[in-house]
Amino acid sequence: MHSKPSQAGVPVVLLYHRIGFPKLSSLVAGQYVAPPLFRSQMGYLTARGWTVASLDSVISDRQPASNMFAVTFDDGYLSVYEHAFPIMVERGIKATIYVVADAVGGLNDWDRKAGDQAEPMMSAAQIREMADAGFEIGSHTLTHPHLTECDDDELRREIVDSKRKLEDIIGRQVSSFSYPYGDCDQRVIAAAKDAGYCNAVSTKLGVVRDCGVFEIPRVNVRWNAFGPLLARKIERAKRASGL
Ligand SMILES: [Zn+2]
């Protein structure tokens, strides 16, 4: 027996990495979302009744009356500041940017070690400018390791020191965390809680319903996700969360 479909909305967290035209020479070409596509994705969802909200609101309101989405970016690439930041300011979107603290003003060394090409990262001044504009800055560790493979000391350093380092840059508390590669287990989650974070996001596909606040699933948005494909991916995320 099916009950009447619920009128509750769906809360989702979108995950972006790089903004720009896909570089086919990159190992992760699918991670580039072209600026016009990013703009049209934001417009597509809002034109269909979705409300854009901060990560905090999406996490705290897990049974919203209407569909809502938060925007997050992992790593802290310069291309996010250059291309997505102006679009979001124009549309009043306040995203969360998870920054690799040791890479500020440098390059994506973890991608390069895996054989990918160099990409510049945001500078401290750019990160501060986004924080001052109301964007949330979260931590994505110091060096982007696989946290489940770190020993306890490394784990603490990556999680605690990155928080302090980013707090020094923005002059505010850093309370959100993102696990590199979505790699986490109970030990990693406990370390993030101990460090004083309030929430953490993974890369698992899903919507924000019936999940722990230290295992928030997201919808990874890729280079080809024009409106209908993005909508289909959100449908998949709903099914993954049992909706
Ligand atoms: Zn990452």
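Computed from heavy atoms alone, side chains included, the values below leave out hydrogens, waters and symmetry copies. Each ligand, and each atom within it, is numbered from 1 in the order the structure gives. Being a predicted model, the structure only gives us computed values, none of them experimental.
Within the model, atoms OH of Y179 and NE2 of H146 stand 15.0 Å from one another, a figure rounded to the nearest 0.5 Å.
Residue D75 approaches the Zn ion (ligand 1) most closely through its N/O/S atom OD1.
Taking backbone and side chain together, H140 holds an N, O or S atom under 2.8 Å from the Zn ion (ligand 1). Here D74 fails the criterion, with no N, O or S atom under 2.8 Å of the Zn ion (ligand 1).
Using modelled atom types, one side-chain atom of S162 and one backbone atom of E158 make a donor-acceptor pair closer than 3.5 Å. At least one donor-acceptor pair under 3.5 Å links the side chain of E154 to the backbone N or O of D151.
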Evaluation steps, side-chain contact (heavy atoms from CB on, under 4.5 Å), between R18 and S26: CA-CA 12 Å; R18 308 171 185 197; S26 168; 3.9 Å; yes
